[in-house]
Amino acid sequence: MQEAKTKNQQIEQSKKFLSALSAGSAVSGYEHGLLEMIAEGLRPYADELKHDAFYNVYAKKKGLTGQGTILLSAHSDEIGLMITDIDALGFLHFAQIAGVDAKTLLGQEVVVHGRQATPGLIVPIPESLLSADDRKKAAKIENMRIDIGWTQDQARERVSIGDTVTLKRTVSELLNDCLTGKTFDDRAGVAALAVCLEELSKLRHHHDVVAVATVQEEVGVRGASISAYRLNPDLAIAVDVTHAVTSDYKAEPIEMGKGPAIALGPNIHPALYRKLCDVALEQRLPYQSDPNPGVTGTDARAFQITQSGIPTGLVSIPLRYMHTSVETLHMRDVVHTGKLLAYFIAALPEDLEGMLCY
Amino acid sequence: MNVTDTQNAYPFLQQLTQAFGPSGLENPVLSLLAVATQGYADETYRDTLGNLYVIKRGTSGKQVMVSAHADEIGLIVTFIDTDGFLRFTTLGGVSVTNLLYRRVVFENGVSGVIAVEKLDKPGDLSLEKLYIDIGATSESDAAAKVRIGDSAVFVGEYTETQTRVISKALDNRIGCFVLSEALKQVVSPHTLVFVFTTQEEVGLRGARPAAYALDPDWAVTVDVTRTGDTPKSARMAVRLGAGVGIKVMDRAIVIAPYVKTWISEQARKQQIPHQFEVLESGGTESGAIQLTKSGIPVGVLSIPARYVHSPGEMIDKRDVASAIALLVALLQDQAGPQIPIY
């Protein structure tokens with residue numbers, strides 16, 4: 001057993017891992033660029049490590065009896081752009097892959113993943129070329145271009161239609177262990193999985209745990225669906241981010257720094273919600289309740305209806321400014337999420353059926 | 001690529017496009033395909049969803065699924081009023097603005113025209129205001145010919161020029177045509193399962209259980225895509241006649257990069273004209289196939305088509321020839337798409 005790390009060491013280690021993951025490029029469907037980095041982060045705590053044909057990464061940690069299998073997931077993909085055309089002046093036209101907030105794109109530095117990674121800028125088309133209506137509205141993607149500084153012929157040598165584009169942004173540290181950067185949705189979840197596996201190596205747990213860095217969540221929880229089918233686990237917990245309260249937010253708030261948000265609602269098995277809350281109270285870990293009236297927009301959505309139906313839970317890390325390049329979170333929430341999952345798994349009975357019975 | 005290679009097969013495309021086959025009622029189309037593929041198949045069968053499987057066995061131990069949907073968009077009758085006018089709803093992605101004064105035909109040959117109630121302004125056009133007039137003189141006269149739940153398809157005759165074809169239902173009878181032509185030519189080490197699927201237009205429904213039943217090593221889908229080469233069209237870098245489309249992404253799928261590379265490398269080696277396709281609206285059944293069971297690597301060959309989901313869809317025969325050649329090359333490739341191991 002390794003010596004317990006201090007809380008601060010754990011936060012610093014997670015910051016480092018999350019910062020590396022955040023700087024990586026992995027638009028939905030193109031997650032192979034992140035495989036090595038994820039594997040490196042999870043390898044120290046995993047008994048087995050593999051990936052499938054769609055780059056889902058599976059890190060397995062064996063339990064004492066291995067009677068059941070627990071799936072934990074956090075998605076590795078990020079929202080991004082795809083080149084749709086190269087015009088006569090060498091400007092690149094693009095479409096979004098999944099839910100990009102268009103109005104935050106203008107002026108961003110990007111990386112075009114062509115024959116080689118090529119820097120570019122997202123620029124508006126001149127106002128004089130916009131319709132009178134469009135001039136009054138927030139910029140639309142079809143009225144933006146990427147300028148890579150080349151002529152059409154030069155651009156065509158470097159870039160093809162269908163090449164992906166990611167935002168260029170490194171992580172910065174704000175006050176009070178807060179971090180800001182791109183793609184904390186859901187690389188923060190991947191960092192939490194690493195914390196969980198590390199904590200589990202200090203705990204006794206009956207069941208095998210497979211932490212999966214899932215792909216293609218942002219285009220429709222696609223990696224979750226095929227990885228859950230492959231594992232057919234006894235229960236599954238998705239780890240994702242959720243909107244944290246900001247100055248303009250009026251709904252029931254989830255707050256940054258106040259602990260993981262434990263989801264409940266029809267997408268969530270009630271026994272898993274209760275158990276997660278009980279464990280948080282027992283371990284004196286902060287948590288917040290996160291009611292979701294419909295299906296959640298997370299891997300949990302796919303897990304619940306895979307194979308014969310999988311008891312599903314969802315733990316979310318509070319995050320501000322989702323789907324922008326300045327996503328902001330509190331590192332304590334990331335570490336607490338990992339710990340909560342580990343203690344939850346250690347607290348599961350050997351016979352899961354009794355606990356999961358309605 | 002020589003258009004004349006497949007020129008003598010085009011009368012079969014005419015038959016396919018003119019056959020009746022809205023989602024759920026694909027039998028007339030599938031019967032044509034079953035007959036046409038009979039001499040080239042080791043085994044043919046239908047499943048619960050009505051999908052038609054045509055199997056050509058190989059010895060490599062690998063199984064490849066090749067799919068094209070056989071159904072077309074249509075209309076379905078919801079109500080017959082006291083004067084014998086039919087109210088209806090849509091089967092699949094029918095655009096209401098495409099419907100006015102279109103001729104439609106039911107499976108039993110009854111014809112009708114789509115007309116509209118008095119509109120205060122053109123913007124008021126909506127599905128609720130449209131009806132089908134089959135020339136019935138009364139409710140009972142109409143009910144003797146058409147029943148609630150009967151489906152109709154557009155009338156859209158087949159026209160062929162030196163290079164192009166105009167017809168209804170080229171989405172996706174052209175895909176079925178490409179599969180049946182490829183079947184005739186292909187000599188593959190793999191077991192090829194050509195699946196002519198049902199109910200694609202209403203939610204990729206036939207392909208999903210077919211992929212589940214087969215769980216193939218990899219799959220290729222053939223369907224149409226849009227173009228950006230008509231006056232003031234939405235911008236899209238696909239042109240009619242510029243080669244077969246190799247799909248990169250649509251709303252239902254992001255093609256795995258190694259599958260995209262596999263297909264484009266085959267096209268390059270065989271010198272087959274091709275273009276990359278990014279479709280910002282719509283999807284194909286490849287999306288359902290890819291997510292079946294533990295995930296199935298799937299590629300898509302797209303036939304560029306103008307005016308998709310209208311009675312006058314248009315394709316270019318050169319693109320069709322490219323698609324057949326590329327499909328044959330892919331199916332004959334010993335290695336198939338190689339999943340990179342990290």
Side-chain angles (χ1 to χ4, degrees), chain A residues 27-40 49-57 77 80-87 92-98 113 141-143 145 159-164 215-216 218-232 302 306-307, chain B residues 208 211-212 215-219 226 228-229 233-239 242 245-261 263-264 268 274-281 283 286-298 300 302 336-342:
Chain A
V27 173
S28 308
Y30 290 73
E31 294 87 350
H32 48 290
L34 221 57
L35 274 184
E36 199 41 57
M37 208 184 287
I38 293 171
E40 220 170 274
L49 206 59
K50 63 176 182 187
H51 71 83
D52 65 18
F54 295 90
Y55 315 123
N56 290 300
V57 182
D77 63 318
L81 311 171
M82 184 174 272
I83 302 300
T84 56
D85 209 354
I86 302 166
D87 72 20
L92 312 180
H93 297 238
F94 60 92
Q96 59 175 337
I97 305 174
H113 301 277
I141 281 185
E142 61 256 38
N143 291 331
R145 306 283 182 265
V159 180
S160 302
I161 288 159
D163 286 346
T164 59
V215 299
Q216 302 193 32
E218 299 288 2
V219 289
V221 295
R222 294 180 190 162
S225 145
I226 57 181
S227 58
Y229 188 94
R230 179 181 296 272
L231 295 172
N232 197 17
T306 294
Q307 294 246 15
Chain B
R208 201 182 303 267
Y212 190 95
D215 199 9
D217 292 281
W218 63 88
R226 294 176 189 282
D229 62 349
S233 62
R235 195 175 182 103
M236 183 172 175
V238 172
R239 301 179 65 81
I246 297 175
K247 189 179 291 294
V248 183
M249 180 182 80
D250 64 29
R251 284 290 150 239
I253 197 167
V254 183
I255 300 290
Y258 60 88
V259 174
K260 180 185 110 177
T261 307
I263 297 175
S264 58
R268 196 182 53 79
H274 61 280
Q275 40 191 337
F276 283 126
E277 176 224 351
V278 180
L279 182 65
E280 292 180 66
S281 59
S286 59
I289 295 168
Q290 185 176 53
L291 296 189
T292 295
K293 292 198 164 175
S294 304
I296 296 165
V298 55
V300 181
S302 297
Q338 294 297 298
I339 303 159
I341 306 293
Y342 290 88

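Throughout, a chain's letter reflects where its sequence line sits, starting with A, and its residues are numbered from 1. Worth saying up front: this structure is predicted, and the values here are computed from it rather than measured.
Counting only heavy atoms from C-beta outward, the side chains of A:Ile161 and B:Val248 never approach each other to under 4.5 Å. Looking only at side-chain heavy atoms (C-beta outward), B:Glu280 and A:Glu142 stay at 4.5 Å or farther from each other. Here the side chains of A:Tyr55 and B:Pro340 are in contact, with some heavy-atom distance below 4.5 Å.
Looking at A:Asp87, both its backbone and its side chain come within 4.5 Å of chain B, counting heavy atoms on both sides. Using a 4.5 Å cut-off between heavy atoms, B:Gln290 touches chain A through backbone and side chain atoms alike. The contact between B:Ile255 and chain A is made entirely by backbone atoms, counting heavy-atom distances below 4.5 Å. The part of A:Ile83 that comes within reach of chain B is its backbone (N, CA, C, O), which places non-hydrogen atoms under 4.5 angstrom from that chain.
With sequence neighbours left out, A:Asp163 forms a side chain to side chain donor-acceptor pair (under 3.5 Å) with no residue at all.
B:Ile339 and A:Ala53 make their closest contact through CD1-CB, 3.5 Å (heavy atoms, listed as atom of the first residue, atom of the second, distance). The shortest heavy-atom contact between A:Arg222 and B:Arg251 is NH2-O, 3.0 Å.
Among B:Ala256, B:Pro337, B:Ala252, B:Gly287, the residue making the largest number of heavy-atom pairs under 4.5 Å with chain A is B:Ala252. The choice from B:Ala237, B:Gly228, B:Ala234 that makes the most heavy-atom pairs within less than 4.5 Å of chain A is B:Ala237.
One finds the CE atom of B:Met249 at 8.5 Å from the CD atom of A:Gln96 (value rounded to the nearest 0.5 Å). Between atom OH of residue A:Tyr30 and atom NZ of residue B:Lys260 there is a gap of 4.0 Å, rounded to the nearest 0.5 Å. Taken from CG in B:Leu291 to OG1 in A:Thr306, the straight-line distance is 10.0 Å, to the nearest 0.5 Å.
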